[in-house]
K.L.:
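Just passing along the structure, written as structure tokens.
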There are 2 protein chains.
Amino acid sequence: MSESAQSAPRQAQKERTRQAILASALELSQEQGFAQVSLRQVSRHAGVVPTAFYRHFESMDQLGLALVEQSFSTLRRMIRDAQRDPQVFDNIIDAAADVLVEAVKQSKAHFAFVARERVGGPEVVRTAIRHELDLFVSELAVVLARLPNIENWSSDDVQMVSRLFVRNMVSNAEEVVEMPDGRPDLEEQIKEGARRQMRLIVVGFRDWRS
Amino acid sequence: MSESAQSAPRQAQKERTRQAILASALELSQEQGFAQVSLRQVSRHAGVVPTAFYRHFESMDQLGLALVEQSFSTLRRMIRDAQRDPQVFDNIIDAAADVLVEAVKQSKAHFAFVARERVGGPEVVRTAIRHELDLFVSELAVVLARLPNIENWSSDDVQMVSRLFVRNMVSNAEEVVEMPDGRPDLEEQIKEGARRQMRLIVVGFRDWRS
DNA sequence: ACTTTGAGTGTACGCATGTTCACTGATTTC
DNA sequence: GAAATCAGTGAACATGCGTACACTCAAAGT
């Protein structure tokens, strides 16, 4: 390597290439789905020869798993931030809707990846995503269980609400992702939809348990 | 053609081959997703030489669209039958849960196809599925609007409930599809989950509108 | 009877793919 | 400053792909 970053320490340059490969795979996946992206396409797009790919990932499957990890670390940061937000205690629903739409907007590509590959990806990737989503449901349940109106619910009920919330999140992420660019009005509409659906879940639950 | 069906009338034999191609594509899609299935794989599996494929479909995309059509005709038959069932008037929710699980079990492959290719398929297929699902939401809304407890709701509300029901149907179809074979206990669990979620939607809606 | 039609065949082509191997040369290690 | 390391190179391969083309030979049309 002599032109793009001459004096980069070796490890840093390697990491940069690794990120270029990850970013390329993520971008190419958006157009055709991860499973249709070839090792050569990714390498080409990352500005690297196909054989160099193997210095970073054993196979395309491993690349896929790395993308799953990256995507969920984004998601986890989102829930951790939301937990610190005092507004969440007053009004989970509006907060969640805001956070969701904002997070999806910020890292659209990662959400798109999860939504798409959850059902459409190679089997190892699908399995990994399912596992991460299950974990995420449990983590969200912990957050929800601390909330004022919920603290005396059974843990099964909390788990179910959490599952419904996550399912909703995935559905709405799908919608935001499939949304044509430059239509912020639609985005507001989706956010409003998400809000109403979450309210529905909470209201329905409260009434049914009484 | 001389061995497999010597004296078949020409048109009938053609139709039979066409169905073999459709069935092959459906089966192969389950393992790898439709987009990874090649024209040659389908032809091979259908017992036909690759070039013969073109006598039936212009391209793999067209095959995909034919599968979408086939899948939704299954779905439509299901809703039409359910509409005749008097039980539906008494208890939409249990009826819907039964019908859903039963229908999915009967034509698992078609539901799997829709659930998978809705987000993971080639763009033309995705678009077609979205369109069909939108239509289906509207059709279901018509059915729902006739129901006793719903007849005085606004049509917007009915449309939204219908959308939530269909979203739920897709989600649950995904679960049934991803379900390991020979575990009827899980199936009952999914059915119960679907029932609870639909009840949630109806209860939530009723209470919020008052 | 004889001609036309058209579903299915077989060969052949150019192209993209995943993986192999021996290599280069700057950075790191000593 | 010599030696070792290792990210990235470039040529070569076998394989599977979509499609073009000329073909066969029963069934359908006359």
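Chain identifiers are assigned alphabetically (A, B, ...) following the order of the sequence lines, protein sequences preceding nucleic acid strands; residue numbering begins at 1 within each chain.
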K.L.:
Would the base of dC6(D) count as contacting Arg10(A) through its side chain, where contact means a donor and an acceptor less than 3.5 Å apart?
P.N.:
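Side chain to base: pair found, below 3.5 Å.
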
K.L.:
Measuring from atom CG of Leu65(B) to atom CD of Glu58(B), what distance do you get when rounded to the nearest 0.5 angstrom?
P.N.:
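Nearest 0.5 Å value for the CG-CD distance: 10.5 Å.
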
K.L.:
Quick one: Glu58(B) CD to dA20(D) C1', roughly how many Å, whole number?
P.N.:
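So the two atoms are 16 Å apart, to the nearest Å.
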
K.L.:
Side chain of His56(A) only, please: which of dG8(D), dT17(C), dA28(D) is the nearest?
P.N.:
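Nearest to the side-chain atoms of His56(A), counting from C-beta on, is dG8(D).
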
K.L.:
Should Asp94(B) and Arg199(B) count as an ion pair when the cut-off is N to O under 4.0 Å?
P.N.:
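So Asp94(B) pairs with Arg199(B) through a salt bridge.
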
K.L.:
So does His110(B) get a backbone contact from the side chain of Ser107(B), meaning a donor-acceptor N/O pair under 3.5 Å?
P.N.:
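No, the answer is negative, given that no donor and acceptor are paired below the 3.5 Å cut-off.
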
K.L.:
Please state how far atom CZ in Phe53(B) lies from atom P in dA20(D), giving the value in whole angstrom units.
P.N.:
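The distance from CZ of Phe53(B) to P of dA20(D) comes to 13 Å, rounded to the nearest Å.
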
K.L.:
Please name the pair of heavy atoms, one in Ala112(B) and one in Gln30(B), separated by the smallest distance, quoted to 0.1 Å.
P.N.:
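Looking at all heavy atoms of both residues, the shortest contact is CB-NE2, 4.3 Å.
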
K.L.:
Can you list the steps and then say if Leu200(B) with Leu200(A) is a side chain to side chain contact (heavy atoms under 4.5 Å, CB included)?
P.N.:
CA-CA 8 Å; Leu200(B) 206 65; Leu200(A) 205 64; over 6 Å; no

K.L.:
Between the opening five pairs and the closing five pairs of the helix from dA1(C)-dT30(D) to dC30(C)-dG1(D), how far apart are the helix axes, to 10°?
P.N.:
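Answer rounded to 10°: the end axes differ by 20°.
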
K.L.:
For Asp98(B) and Arg195(B): C-alpha separation, side-chain torsions, deciding distance, then whether side chain to side chain contact (heavy atoms under 4.5 Å, CB included) applies.
P.N.:
CA-CA 9 Å; Asp98(B) 286 356; Arg195(B) 232 193 308 262; 4.0 Å; yes

K.L.:
Specify the separation, in whole Å, of atom CD of Gln13(A) and atom P of dT27(C).
P.N.:
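Going from CD in Gln13(A) over to P in dT27(C) covers 10 Å.
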
K.L.:
For a quick test of reading the model, state the closest non-hydrogen atom pair linking Val158(A) to Ile150(A) and the distance between them.
P.N.:
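So the minimum-distance heavy-atom pair works out to CG2-CG2, 3.8 Å.
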
K.L.:
Just the atom pairs and distances: protein N or O near nucleotides 11-15 of chain C's N or O, under 3.5 Å.
P.N.:
none

K.L.:
Just the rounded figure in Å: distance from P of dG16(D) to CD of Gln36(B).
P.N.:
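So the CD-P distance, Gln36(B) to dG16(D), works out to 17 Å.
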
K.L.:
Could you tell me the separation between the CD atom of Gln62(B) and the P atom of dG18(D), rounded to a whole number of Å?
P.N.:
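Interatomic distance, CD of Gln62(B) to P of dG18(D): 15 Å.
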
K.L.:
Can you check the Glu15(B) CD to dA7(C) P distance for me, whole Å?
P.N.:
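Checked: the CD to P distance equals 12 Å.
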
K.L.:
So, do Gln11(A) and Glu15(A) sit near enough that their side-chain heavy atoms are less than 4.5 Å apart?
P.N.:
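With C-beta onward as the side chain, the pair stays apart.
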
K.L.:
Quick one: on DNA chain C, does Ala52(B) or Tyr54(A) contact a more 5' nucleotide (nearest heavy atom)?
P.N.:
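The answer here is Ala52(B).
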
K.L.:
Are the side chain of Ser43(A) and the backbone N or O of Val48(A) linked by a donor-acceptor pair below 3.5 Å?
P.N.:
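Not confirmed, Ser43(A) side chain does not pair with Val48(A) backbone.
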
K.L.:
Tell me whether Glu123(B) at atom CD has more than 12 heavy atoms from other residues, nucleotides or ligands lying less than 6.0 Å away.
P.N.:
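No.
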
K.L.:
Would the distance check show the side chain of Glu117(B) and the main-chain N or O of Phe34(B) forming a donor-acceptor pair, the cut-off being under 3.5 Å?
P.N.:
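Yes: the side chain of Glu117(B) pairs with the backbone of Phe34(B).
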
K.L.:
Taking atom C1' of dT19(D) as reference, at what distance in whole Å does atom CG of Asp61(B) sit?
P.N.:
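After rounding, the gap between these two atoms is 15 Å.
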
K.L.:
Within the structure shown, what part of the strands sits under 4.0 Å from Arg44(A) by heavy-atom distance: base, sugar-phosphate, or nothing?
P.N.:
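Here Arg44(A) touches the backbone only, sparing every base.
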
K.L.:
Which one, dG18(D), dT27(C), dG8(C), comes nearest to the side chain of Leu39(B)?
P.N.:
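It is dG18(D).
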
K.L.:
Where do Phe57(A) and Arg18(A) land on the side chain to side chain contact (heavy atoms under 4.5 Å, CB included) test, with the steps shown first?
P.N.:
CA-CA 9 Å; Phe57(A) 301 98; Arg18(A) 190 188 133 96; 3.4 Å; yes

K.L.:
Just the rounded figure in Å: distance from P of dG6(C) to CD of Gln11(B).
P.N.:
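After rounding, the reported distance stands at 11 Å.
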
K.L.:
Using a 4.0 Å cut-off on heavy atoms, which residues in residues 24-34 of chain A reach DNA chain C? List them by number, or say none.
P.N.:
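Within residues 24-34 of chain A, no residue comes under 4.0 Å of DNA chain C.
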
